Structures are given as structure tokens and as C-alpha cells.
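What follows is a single structure, written as C-alpha cells, with notes after it.
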Number of protein chains: 2
Amino acid sequence: MDEMEIIHTIRAFNRNYVRSIGLLEKTMLNSDYSLTESQILFIVHQQKKTTATDINKILNLDEGYLSRIIKKLISKSLLTKKQSPVDKRCYEIMMTKKGIKVQEKLDQLSTESVRRVISTLAVEDRTELALLFNRIMNMLYKDKSTSSIN
Amino acid sequence: MDEMEIIHTIRAFNRNYVRSIGLLEKTMLNSDYSLTESQILFIVHQQKKTTATDINKILNLDEGYLSRIIKKLISKSLLTKKQSPVDKRCYEIMMTKKGIKVQEKLDQLSTESVRRVISTLAVEDRTELALLFNRIMNMLYKDKSTSSIN
DNA sequence: CAAATTTTGTTGCTTTTGTCAAGCAATTTT
DNA sequence: AAAATTGCTTGACAAAAGCAACAAAATTTG
């Protein structure tokens, strides 16, 4: 397989997959929270305690934009912010109980929509699909620091 | 592998891959055209002759939004629009020479950025990666009508 | 066939999302 | 202790996307 063929295969996959993911995202949108907001909730949920900078190491958003989203999530009582005593420039961001609840609901929605996708597959194909994705992740994201958050 | 494990694997892949694709998209953004515009150019380029409705069978955009993007691409002389003599509600959309040129440039950019991604892999892994992606596409998109445009 | 319905596309208006630049306070560097 | 950097915030703005109302043409159907 020559390089051009490889690249075209990957690009074809990307085009298809972007659309699939787009559909998954729409599931999220029926839930009052945007994809980015969900991602932030997901990250804070995992890390228990974070800062805006930590979140942005993963999401790479515009800092001002991130600041505003966090503010919004705080105003909805999903997150809390507390100035770090160690470094007063930093604010420790944590989930509230309500935030955890919402995050769990979003998690379920996401799980549900993936379940719907694989439901069309034969049962033995589902496992194979997961193995294939795992193999790809190992190839592409093995040594990346971000892999720790999955 | 139980269903939950499968779903979590796929979701982990999605989270990682969304970010990768996000980076690929940024390559596009340095090129005066948004991802959506590029996709439209890609589709029109492939199909030689289309309509807004055809494009939207693939992209599922808001119709008004699509109408405006097409208008913009026409105003930049990348596309042309001609009322269909058969069905006067429809407008046949085609590429101009300039449009083809631009599309080819965007195509190169996209190819280039995928090339950059796989360049970090061992040569034998690159082929394997493409085979894995192909296998996944066969599982997920085999009988879909959209597969014809890849 | 004529009225009702559907399809295709357009436009005005609004919201959402994201970017840029300036700035402040705390920290680190020199 | 002055200068530079870091973490975060804000205002102003631009781009992307969605909603609703509409017109023109085609199709359905009574």
C-alpha cells in the first residue's frame, strides 16, 4: 500500500466519521449543554480538582472563551471555583453535586447514542470493532499525555 | 468483551479522535475557507453537477445556512448556479475553473496534514493503520449511500 | 382540473460559538 | 525591586449556525 493510498483511506474515514460524531453531538445538544461544556464537565469530573489551565492543556480553547464557559457552568451551580492558597493566580475548579448529576446524565446520553450505533452490528462484530479502535488508539495516542484521561 | 467495555472503548476513541480531527481542521482554517465550505467544494467537485438538496443529503446543514454559503462561494467565483430546465425549483451547482483550483489546493492541504500525522509512525504501521480504518469503514458504512462519495 | 400540500430554495433576524486584544493581579526571573 | 511571565478575566467583535416566514414551482388528491 503506497503512501497516497494510505492517506486517502484515512481521509475517507475522517469524512465519514466526522459525520457520525456530528450525529452523536446532536444527542448532546438536546440536553441544554454544548459539546464543549460536556467535555469540560467530563474533565472536571475525572480529575476531581483542576484549573482552567489544566483543562486547556486538553481542550486548547481560547482562554477567554474557556473562562466564560466556566463562569456559566458556575452560575448554573454545576461547578465551583476556589482561589488556590498556594498560588493565588490559580482557581481550583470542582464539581458540585448537581454538576455530578448532570455529568452522569450526559454520560448516559453519550453511552446511549454509541449503543445505538453498534446495535446495528452483529454481536461478534461489536467486539471486533472495539479491538480495532483500541489498536488504532495504541498506534496514534500511545505516548500522549492525554491518554491518561481516558 | 461486554457491551459496556465496547462502548467505553469507542467513546475513548471518539474523544481522542475528535481532537485530532480538530487539529486537521485548523489546517483548513489557515486557508480562507471554513471546513463546511471545503466540504461543499469537495462534494461539488466529486459530483460534477449537484443541487443544494443533494449536498444537504450528505451534510445536513440548515437550508438557509447552506444557501448563504453557496451564495458566498458563487460570489467568490468558485461555483456557478443554473436553474434546471427540468425542475425550475432546482439549481444545478457546478465548479468553476477557479473553484477546481481552490478545491485542489484544499485537497493538498488536507493530504499534507494527514501525511504529517502518519509520518510519526513506523512505515509498516502506516499500512496497518489504513487497513484498520478500512475494516472499520466496512463495518460502519458499508451499505450507506454516502459511501459512494468517498 | 383546481385546490391543497410538498419540495426547493431564499431572506431577515437571532443565538451560539469562537477570536482578539487589553488588562489586572500574582508569581517568577534576573 | 524592576522586568517578564503566568493565570485568569473582560469588552468588543466576527464567524458559524439555527429559526421562522416566505415565494415559486411541482406534486398530490379530491
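Sequence lines set the chain letters: A, B, ... in the order given, protein chains first and strands last, and positions in each chain run from 1. Predicted, not measured: the structure shown is a model, and the values here were computed from it.
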(message) Does dT6(D) have OP1 or OP2 under 4.0 Å away from a side-chain N or O of Thr53(A)?
(response) no
(request) Return the value, rounded to whole Å, for the distance between atom CD of Glu63(A) and atom P of dT10(D). (result) 14 Å
(message) Within residues 78-90 of chain A, which residues have any heavy atom lying less than 4.0 Å from an atom of DNA chain D?
(response) Lys81(A), Arg89(A), Cys90(A)
(message) Show me the pairs that pass salt bridge (Lys or Arg N to Asp or Glu O under 4.0 Å) and involve residues 62-72 of chain A, at least two apart or across chains.
(response) Glu37(A)-Lys72(A)
(request) Rounded to the nearest angstrom, tell me the gap between atom CG in Leu66(A) and atom P in dG7(D). (result) 13 Å
(request) Check the distance between dA14(D)'s C1' and Lys72(B)'s NZ and give it to me in whole angstrom. (result) 11 Å
(request) Say whether Tyr91(B) and Leu41(B) are linked into one hydrophobic cluster, either directly or through other cluster members, by side-chain heavy-atom distances under 4.5 angstrom. (result) no
(request) Using whole Å, report how far CG of Asn56(B) lies from C1' of dA17(D). (result) 12 Å
(request) Treat each ILVMFWY residue as a node, draw an edge where side-chain heavy atoms are under 4.5 Å apart, and state whether Tyr141(A) and Ile10(A) are in one component. (result) yes
(request) Name the orientation class of the two ring planes belonging to Phe133(B) and Phe13(A) (parallel below 30°, tilted from 30 to 60°, perpendicular beyond 60°). (result) tilted
(message) Taking only side-chain N and O atoms of Thr36(B), does any of them lie within less than 4.0 angstrom of OP1 or OP2 on dA17(D)?
(response) yes
(message) Per the side chain to side chain donor-acceptor pair (under 3.5 Å) rule, what does the pair list look like for residues 93-106 of chain B, sequence neighbours excluded?
(response) none
(request) State yes or no: do Ile69(A) and Met94(A) share one hydrophobic cluster built from I, L, V, M, F, W and Y residues joined by side-chain heavy-atom distances below 4.5 Å, directly or via other members? (result) no
(message) Rounding to an integer number of Å, can you tell me how far Glu92(A) CD sits from dC8(D) P?
(response) 11 Å
(message) Assuming nearest nucleotide by heavy-atom distance, tell me which of Lys71(B) and Leu61(A) is located more 5' along DNA chain C.
(response) Lys71(B)
(request) Starting at atom CD1 of Ile74(A), determine the distance to atom C1' of dC8(D), rounded to an integer number of angstrom. (result) 12 Å
(request) Give, for atom OG1 of Thr50(A) and atom CD1 of Ile55(A), the distance between the pair rounded to the nearest 0.5 Å. (result) 5.0 Å
(message) Can you list everything that forms a side chain to side chain donor-acceptor pair (under 3.5 Å) with Ser38(B)? Sequence neighbours excluded, please.
(response) none
Below 3.5 Å is the cut-off: list the nitrogen or oxygen pairs between protein and nucleotides 19-23 of chain D, distance only.
from: dC19(D); atom 1: N4; to: Asp62(B); atom 2: OD2; distance (Å): 3.4

(message) Quick check on the helix from dC1(C)-dG30(D) to dT30(C)-dA1(D): what's the angle between its two end axes, five base pairs per end, to the nearest 10°?
(response) 30°
(message) Just the rounded figure in Å: distance from C1' of dT17(C) to CG of Leu59(A).
(response) 15 Å
(request) State plainly whether one hydrophobic cluster holds both Ile6(A) and Ile136(A), where clusters connect Ile, Leu, Val, Met, Phe, Trp and Tyr through side-chain heavy atoms under 4.5 angstrom apart. (result) yes
(message) Without decimals, in angstroms, what is the distance between Lys57(B) NZ and dT8(C) C1'?
(response) 11 Å
(message) Is there a side-chain contact between Thr51(A) and the phosphate of dT6(D), meaning an N or O under 4.0 Å from OP1 or OP2?
(response) no
